Amino acid sequence: MTETKTDMATAITTSEDPTPFGWLTTADHKRVGRLYIVSAIIMLLVGVLIDVIVRIDLTSGTDFVVLDGDSFGQLFALSRETLVLLFLIPIFLGFSMYLVPLQIGAGNLAFPRAAAASYWVWLVSAGVLFGAYIGNGGPYGGNSDLVDLHMLAVGGLVVGLLIGAVVIGATAMTMRSPGLYMDTTPPYAWSALVTASMLVVSLPVLLGQLVILYIDHRYGRVFLGGNFGIWERIDWLYRAPQLFMYSVPVLGIASEVVLASAKRRVFEPLAMYFSIGLLGLFGFGAWANFAITNEGSDIIDGAEGVVLVAMYGGALLAIAGLLALVGFALIQTLMQNRKLPEITTSLLASLGAGKFLLTGALCGFIGAAVDWLEIGNRGNLGNAQLRMTTWVTGQQSVMIYGAGLLGVLAAVHWWAPKIWGRQLNELLGKLNFLVIAGGAFLASVGPFLSGLLTDQPDFVYEDPSMTSIYSNLVDDSGAEGFSALGLAGTLIVLSGVALLLLNMFVSITLKKGMEATDDPWSGQSPEWLLSSPPAMGQLAELQDLSSGTPLLDIAEAEEAASNG
């Protein structure tokens with residue numbers, strides 16, 4: 001095994017420019033992946049800060065605290081766009097660009113120049129997006145031209161992410177080592193393929209809607225009748241069930257970390273791959289746009305309501321099934337060795353992310369069922385539907401701050417040695433886990449309670465002012481306390497993101513972290529056969545893989561030889 005690592009480490013064609021200018025012209029998947037990862041974490045810090053401002057205004061039931069109606073609507077939209085289009089999707093796209101070729105024995109991505117173009121289109125579009133909002137654009141903005149610019153910026157983000165998804169999908173499908181079949185790929189590579197495939201079929205729906213909205217807003221004003229109709233026609237992208245699609249890589253990360261920590265194979269590999277695929281399938285939420293026409297379409301009644309409940313139920317079963325499979329591996333290790341595996345930040349964060357993901361699916365299932373069955377007098381003729389209250393904000397917090405951010409924490413700590421050659425500080429990492437998990441819990445439970453008990457609106461499309469000044473919309477003004485609880489949780493999450501960036505800066509940039517060995521975690525998947533980090537450039541000699549767990553295969557063969 002040592003000889004294999006040495007051969008692979010020296011078999012590199014260093015065609016990359018090692019200077020800082022090389023980051024602008026790179027076609028190396030490892031560099032592009034790093035650019036995406038670091039940029040997305042910085043965008044997360046911005047997005048959580050904006051969300052804090054939005055939640056401050058929700059703590060008053062009679063007036064705004066720091067914003068006015070239009071500014072509230074703009075920042076509400078920007079916070080969702082930042083957390084999803086600038087963080088949740090691109091962060092896992094970055095990990096996929098770095099790791100998938102290493103995990104499947106490929107020398108590079110299928111279209112390396114397209115991968116680099118994906119990042120730069122995404123980054124430039126992000127700058128245009130913020131510029132449009134600064135100039136009073138975006139949904140509910142006052143400058144008509146900058147409202148149009150906002151739609152162009154979102155379109156640019158979608159195009160950039162679509163290019164990246166196509167690159168990941170093509171790489172996983174066509175560039176695997178000849179002996180590596182799809183049902184034996186590492187779990188993360190499979191989850192990356194599932195996510196990329198679903199992005200390719202869902203993001204074009206948004207792109208088509210943006211084209212219609214842009215033409216109508218700029219030239220016709222027939223379909224929209226103004227600016228206020230934009231957000232309600234695109235906000236399905238930032239809601240469940242669509243959020244489940246972006247969280248599929250969390251299951252891949254959890255599977256990798258837990259199984260490697262337990263030093264075991266999954267009990268039933270096909271069931272694991274099937275569960276990950278099902279979550280992606282049930283996360284297809286493009287059909288759930290209930291405001292695509294002026295008449296609207298109600299997705300909680302009749303057959304459509306059944307479909308929505310069934311999709312949440314399917315996602316719930318998929319997540320529960322996978323967690324049961326990897327949890328069983330931990331139980332087997334505990335029973336055989338009479339002790340738990342080493343408790344690392346990655347293991348804690350993986351288990352925590354899985355639980356938050358399960359909670360998000362369960363709350364989505366409950367909310368959809370309550371609306372469809374009109375339990376508690378909810379529905380069209382009763383109290384507000386839960387999907388129109390802050391119940392949705394709670395679910396977004398569970399999925400983004402809980403499952404998504406904890407998944408990122410697990411991935412950063414697990415693969416930092418392979419990506420940057422340094423291990424992050426484990427003590428800070430475990431503290432980071434507690435801070436993020438506690439903050440995500442409070443950030444979600446507050447909106448859940450205010451939506452369930454007081455019907456506080458999530459967002460009033462027709463008049464954003466009524467989202468904060470909701471005293472004449474609901475009978476109970478007690479939501480202020482629940483909203484304050486959610487605000488406190490979001491502030492804690494903000495400190496957790498800052499702590500993660502601090503740990504990365506000190507451990508990686510300042511080189512205070514422990515220098516990584518090739519395989520510091522006793523991992524199973526093929527990337528741990530390579531040096532940490534792999535040298536720049538494309539591998540001249542590719543790995544000959546017949547399994548997604550080559551290191552475990554070697555360990556088992558050595559154990560069998562010693563016993564025999």
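Quick caveat: nothing in here was measured; it's all calculated off a predicted structure. The basis for the numbers below is simple: all heavy atoms, side chains too, and nothing from hydrogens, waters or symmetry mates.
Judged purely by atom type and a 3.5 angstrom limit, T184 has no side-chain atom pairing as donor or acceptor with the backbone of L180. Judged by distance alone, with hydrogens and angles left aside, the side-chain atoms of K30 form no donor-acceptor pair with the main-chain N or O of P534 at under 3.5 Å. Under a 3.5 Å cut-off, the side chain of R176 and the backbone N or O of T185 do not form any donor-acceptor pair. The main-chain N or O of G513 is never found under 3.5 Å from a side-chain atom of Q423 such that the two would form a donor-acceptor pair. At least one donor-acceptor pair under 3.5 Å links the side chain of S444 to the backbone N or O of F441. Between the T82 side chain and the G47 main chain, no donor and acceptor come within less than 3.5 Å of each other. Looking at N432, its side chain does come within 3.5 Å of a backbone N or O of L500 through a donor-acceptor pair. A donor-acceptor pair under 3.5 Å is formed between the side chain of Q524 and the backbone N or O of L259.
For the ring-ring contact (aromatic ring centres under 6.0 Å, His included) condition, no pair includes a residue of residues 195-214, sequence neighbours left out. Annotation: side-chain hydrogen bond (donor to acceptor under 3.5 Å, both in side chains) contacts involving residues 240-257, sequence neighbours excluded, comprise Q103-E256, S202-Q242, Q242-Y246, E256-S525. Pairs of residues two or more places apart, or lying in two chains, that qualify as side-chain hydrogen bond (donor to acceptor under 3.5 Å, both in side chains) and include a residue from residues 92-101 are S96-Y188. Screening residues 146-162 for salt bridge (charged side-chain N to carboxylate O under 4.0 Å, His left out), with sequence neighbours left out, gives D148-R218. For residues 77-105, the salt bridge (charged side-chain N to carboxylate O under 4.0 Å, His left out) pairs, not counting sequence neighbours, are D51-R80.
Here the shortest heavy-atom pairing between A27 and N108 reads O-ND2, 3.0 Å. Nearest approach of A196 to G169, heavy atoms of both residues: CB-N, 3.9 Å. Nearest heavy atoms, M97 versus G164: CE-CA, 3.7 Å. Minimum interatomic distance between A443 and Y401 (heavy atoms only, all atoms of both residues): CB-CD1, 4.1 Å. Taking both residues in full, the closest heavy atoms of F282 and M311 are given as O-CE, 3.1 Å, listed atom of the first, atom of the second, then distance. Nearest heavy-atom pair across V121 and S125 is O-OG, 2.7 Å.
Annotation: side chain to side chain contact (heavy atoms under 4.5 Å, CB included) contacts of A410 (sequence neighbours excluded): I253, A349, S350. Legend: residues meeting ring-ring contact (aromatic ring centres under 6.0 Å, His included) with H150, ordered by chain and number and at least two apart, are Y133. Looking at residues two or more places apart in sequence or on another chain, you find a side chain to side chain contact (heavy atoms under 4.5 Å, CB included) between L49 and L494. In terms of the salt bridge (charged side-chain N to carboxylate O under 4.0 Å, His left out) criterion, R113 has no residue partners (sequence neighbours excluded). For L270, the side chain to side chain contact (heavy atoms under 4.5 Å, CB included) partners two or more places apart in sequence, or in a different chain, are D183, E268. With sequence neighbours left out, Y119 forms a ring-ring contact (aromatic ring centres under 6.0 Å, His included) with Y36, W122.
Within 6.0 Å of CE on M182 lie more than 12 heavy atoms contributed by other residues, nucleotides or ligands. Heavy-atom contacts from other residues, nucleotides or ligands closer than 6.0 Å to CZ of F130 number more than 12. More than 12 non-hydrogen atoms from other residues, nucleotides or ligands lie less than 6.0 angstrom from NZ of K430.
To the nearest 0.5 Å, atoms CG (L317) and CG (L358) are separated by 10.0 Å.
Using modelled atom types and a 3.5 Å distance limit, the side chains of N425 and S507 yield no donor-acceptor pair. Side-chain polar atoms of T26 and R34 form no donor-acceptor pair below 3.5 angstrom.
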Sequence neighbours left out, cut at 3.5 Å: what donor-acceptor pairs do the side chains of residues 86-93 make with other protein atoms?
none

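Annotation: side chain of L237 is in contact with side chain of L203 (closest heavy-atom distance under 4.5 Å). Looking at heavy atoms from C-beta onward, I168 lies in side-chain contact with L109 at the 4.5 angstrom threshold.
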